[in-house]
Amino acid sequence: MYLAKTWLLLYILKRRNFKTSCSPIQPNLILPSSSMARKKVALAWIADDVRRKATFMKRKRGLIKKVSEISTLCSVEATVVLDNPYMGEQEVWPSIPDAADTFLKFKSLPESDRCKKMSDQEGFYRQSNAKHEEKLKKLEKENKEIETDILMYQCLGGRNFSDLIIADLDDITKRIDLKAKVVEKRINFLKGYEGEVAPPAMEKESGSSKAK
């Protein structure tokens, strides 16, 4: 849309003999190269020893940096304990006494407070699957409504009903009733503002009750 408006403006200026300091914009979309996009890392164990060690060191520094930032910016107590397999010892940030003090404060909390926001890997995937299933059901419902609308408009355009099954006819009937209620509501709304120049817009219908 932006490119179309730009070309139209340049065309009008050219026809009116205006001089422009900019060169015509070529209607070519510049897409980012694949090298600019950040590659998605597969969350799997790295078999190569050298690459696994390099990844560990890099991610370790990043993790400690992020924890340090959130501790400074938000003024909260935070600690990091890492089992370093390449050094044969545990690494603690910011220090062992500070980490011990933080863990003791955490252990002193009631169990309900300690476990309130905890989630293991199984629970995380269970919640993630539930969200995806809910989203899938919503998309299936929207697709079904679109398919029903297409059938409805085809029938209004002269399509024969004989090749439709009972379920399709039932869905079309429900959609027609729904749209009829929307139209009736709109008519009643406009009747309430008769004599005015421009009645205010109605609130948008939500979900499946939106008028097509």
Checklist outcome for this item: Applying salt bridge (Lys or Arg N to Asp or Glu O under 4.0 Å) to K144 and not counting sequence neighbours gives D171
Roughly how far, to the nearest 0.5 Å, is the [atom2] atom of [Y] from the [atom1] atom of [X]?
| X | Y | atom1 | atom2 | result |
| --- | --- | --- | --- | --- |
| K181 | K185 | NZ | NZ | 11.5 Å |
| N143 | L136 | CG | CG | 9.5 Å |
| I96 | Q90 | CD1 | CD | 8.5 Å |
| C155 | I176 | SG | CD1 | 8.0 Å |
| L139 | E134 | CG | CD | 11.0 Å |
| K131 | K135 | NZ | NZ | 11.5 Å |

Item to check | Any R51 side-chain heavy atom under 4.5 Å of T55 side chain | outcome: yes
Item to check | Close side-chain approach of L151 and R159, heavy atoms under 4.5 Å | outcome: yes
Checklist entry - Does anything in residues 51-99 pair up under ring-ring contact (aromatic ring centres under 6.0 Å, His included), and if so which pairs, sequence neighbours excluded? => result F56-Y86
Can a donor-acceptor pair be found, under 3.5 Å and without considering hydrogens, that links the side chain of [X] to the backbone of [Y]?
| X | Y | answer |
| --- | --- | --- |
| R175 | D149 | no |
| D101 | P97 | no |
| S108 | K105 | yes |
| S68 | I64 | no |
| S71 | V76 | yes |

Checklist entry - Between R52 and D49, does a side chain to side chain contact (heavy atoms under 4.5 Å, CB included) hold up when you go through it step by step? => result CA-CA 5 Å; R52 185 172 65 253; D49 294 338; 2.7 Å; yes
Next on the checklist: As a quick check of understanding, evaluate salt bridge (charged side-chain N to carboxylate O under 4.0 Å, His left out) for D177 and K174, giving each step before the final call.
Outcome noted: CA-CA 5 Å; D177 292 340; K174 292 179 181 178; over 6 Å; no
Checklist entry - Side-chain heavy atoms under 4.5 angstrom apart, residues restricted to Ile, Leu, Val, Met, Phe, Trp, Tyr: same cluster for L169 and M152? => result yes
